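Working notes, beginning with the structure itself.
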Amino acid sequence: MTTHVGKPTPPTAAGDLLERPATPGQRLHAVLHRQPALSPAIVLILAGVVFALLNSRFYQLQNLSLIAQQVAVVGSLAVGQTLVILTAGIDLSVGAVMVLSSLLMSKLVFDNGVPGVLALLAGAALAVAAQAVNGLLVTRIKLPPFIVTLGTLSIFTAITLIYAKGQTVSLPPGGFLLWTADTVSIGQLHLTNGVLLMVALYVVIGFALRYTAWGRHLYAVGDDVEASRLAGISVNRVLLSAYMVAGLAIAAAAWILVGRVGGGDPNSGLNANLESITAVVIGGTSLFGGRGVVLGSLIGAVIVQVFDNGLALAGFDPNYQVLSVGILVIAAVSVDQWIRSVKA
Amino acid sequence: MSAPVLEARGLVKLFGRVVGLDDVSLTVRAGEVLAVIGDNGAGKSTLIKCLSGAMVPDRGTILVDGEQVHFKRPQDARDAGIETVYQTLAVAPALDIASNLFLAREIRRKGPLGSVLRMLDTREMRRQAEEHVKRLGITTLQNIGQAVETLSGGQRQAVAVARAAAFGGKVVILDEPTAALGVRESGQVLRLVKDLRDQGLAVILISHNMPHVFEVADRVHIQRLGGCAGVVTPASHSMEDAVAIMTGAKTLTASAE
């Protein structure tokens, strides 16, 4: 039995076709395939140019500062959402957990006189515990993440409303919990500590995803669960950790929310669940798991805010913002479908 | 003859009232290719799953280097030096070749970057991956940083085999490695199997393909209806004999062993 091991393939009729340079479409596909954050970055730049042409006030530092401050809550939440979506899951409860956590922080300080630092830790512990519930239901009971978090969305929202007894909490200014609202000025750019906290979150999680074994395992599990299991990855531990680390990101978002609301409001962040998913999807992370970068989610969150702000400055009705975000989401998923297809 | 690296004695596995394995014993030595053949439902997969830790037999013992072991998970078998290449290949498509080779065995950087920040040493992993691939003589894998999803079936098989060979200290189990491959690619995998044997590893090869089995196997373990119908060698028996024993048309007489 003869085999042609290691011998070069003989020239074929297809030879000259193989030599043909890649078409622009193929080259674009290859680049976007390697750089998932590139397409949202292009959209952001285009949007920036268009809105600046429509109204020159768009590019004033004061306006950009406003966008940054408005993005901080959803941007932080999107970090947690990205982790879950990378595992091919989805978390509909992140916003509900955030509001519950922010309410606990505020009420511990306001009602019980607990020091701000301890209240923050308690709120963070609650967020991580709530996400551990999600993670355990997904890994132990083997329920689909969509169903688990749809259920816990209702549960956590209800607990928030029961705990709040219909009241909002306004914290006196100057407290530790309101630190996230304090302004940090760089020239004309007026950011808040909350914005810086969000940026720090992106740096830390981005590093962990890219440079640690944990990050690589998270991608592998989202890519192919069975292959990961057979390769020796403790799939359940990776999944549970994704939900719990997302809990930490949610806690940061809750702290920033306390700063923005000035306390705890059970009716705040109503749309935060879906807004975080929107940011992640527009940011180029695949809903099928295993593909995407956390930086993309930041760009996605900023895009939504830029559309909101830019369309308002250009004099459009706010409903056009909702309309445009809907179109963006569908466009982003369509692009993802195209990018995910592989030509060997 | 050297002592067996991996030995199974009297393995029994029941699925409810269905007999998966019925008192099956098997030995494989270093530097030997043992093929396991059998019709569908003969117990090949069950046998292999017991040896690779994916299943726990109801009765019977497994010995590695003469020491009794109890595999509860695939990781246990892996720790004992037994690597398995599954039919499904078990590679993560979006990750590159080097990342797949080192999946769940990543190397961290030296110093505080590795111990505190837990940073991976991507460069070292690529270097070692390239070395493994070169040592195995796999010419089809050119760019070690290429995503696995861009590879052909044969190339993916090569990645899976390379991973098993790189980390399989004693035994490499290959489940139907040529089932999905073309002629040329099959030839490459078979050559890899011989190379593994020549490097002193014990190889267990499960296959339906008789020409492939008879090309590389030193001994052939024939499964039939959950039991072992006999062990033959390509020298003592022809392909037709093996198929006849496998299907029950012939039985192996004691003198032929």
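Here the structure is a predicted model, which means the values were calculated and not measured. Proteins get letters first, then strands, A, B, ... in listed order; numbering begins at 1 in each.
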request  = Give me the contact list for residues 119-129 of chain B versus chain A, heavy atoms only, anything under 4.5 Å, ordered by residue number.
outcome  = Met119(B), Leu120(B), Thr122(B), Met125(B)

ask   = Quick one: what part of Ile107(B) sits under 4.5 Å from any heavy atom of chain A, side chain, backbone, both or neither?
value = neither

task = Please name all residues satisfying ring-ring contact (aromatic ring centres under 6.0 Å, His included) with Phe207(A), sequence neighbours left out, ordered by chain then number.
result =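 Once residues adjacent in sequence are excluded, the partners of Phe207(A) under the ring-ring contact (aromatic ring centres under 6.0 Å, His included) criterion are Tyr211(A).
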
Please report the closest heavy-atom contact between [X] and [Y], naming both atoms and the distance.
X	Y	value
Ala92(B)	Ala227(A)	N-CB, 4.4 Å
Pro93(B)	Asp224(A)	CD-CB, 4.0 Å
Arg163(B)	Ala231(A)	NH1-CB, 3.9 Å
Arg216(A)	Ser99(B)	NH1-OG, 3.2 Å
Ile233(A)	Ala104(B)	CG1-CB, 3.7 Å
Leu95(B)	Ala220(A)	CD1-CB, 3.9 Å

Does a sphere of radius 6.0 Å around [atom1] in [X] hold more than 12 heavy atoms from other residues, nucleotides or ligands, not counting ones at 6.0 Å or beyond?
X	atom1	value
Gln199(B)	CD	yes
Phe15(B)	CZ	yes
Lys13(B)	NZ	yes

Mind listing the side-chain donor-acceptor pairs of residues 236-250 of chain A below 3.5 Å, one per line with the distance, residues two or more places apart or on another chain?
{"residue": "Ser241(A)", "atom": "OG", "partner": "Trp214(A)", "partner atom": "NE1", "Å": "2.7"}
{"residue": "Ser241(A)", "atom": "OG", "partner": "Arg237(A)", "partner atom": "O", "Å": "3.4"}
{"residue": "Ser241(A)", "atom": "OG", "partner": "Val238(A)", "partner atom": "O", "Å": "2.7"}

request  = Tell me, out of Thr84(B), Leu103(B), Asn100(B), who's got the most heavy-atom pairs with chain A below 4.5 Å.
outcome  =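 Among the listed options, the one with the most contacts to chain A is Leu103(B).
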
ask   = Pick from Glu83(B), Arg78(B), Arg73(B), Gln155(B): which one has the most heavy-atom pairs with chain A under 4.5 Å?
value = Arg78(B)

key: Which residues share a salt bridge (charged side-chain N to carboxylate O under 4.0 Å, His left out) with Lys134(B), sequence neighbours left out   = none

key: Residue pair Arg108(B) / Thr212(A), side-chain heavy-atom distance below 4.5 Å   =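 Not touching, per the 4.5 Å side-chain cut-off.
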
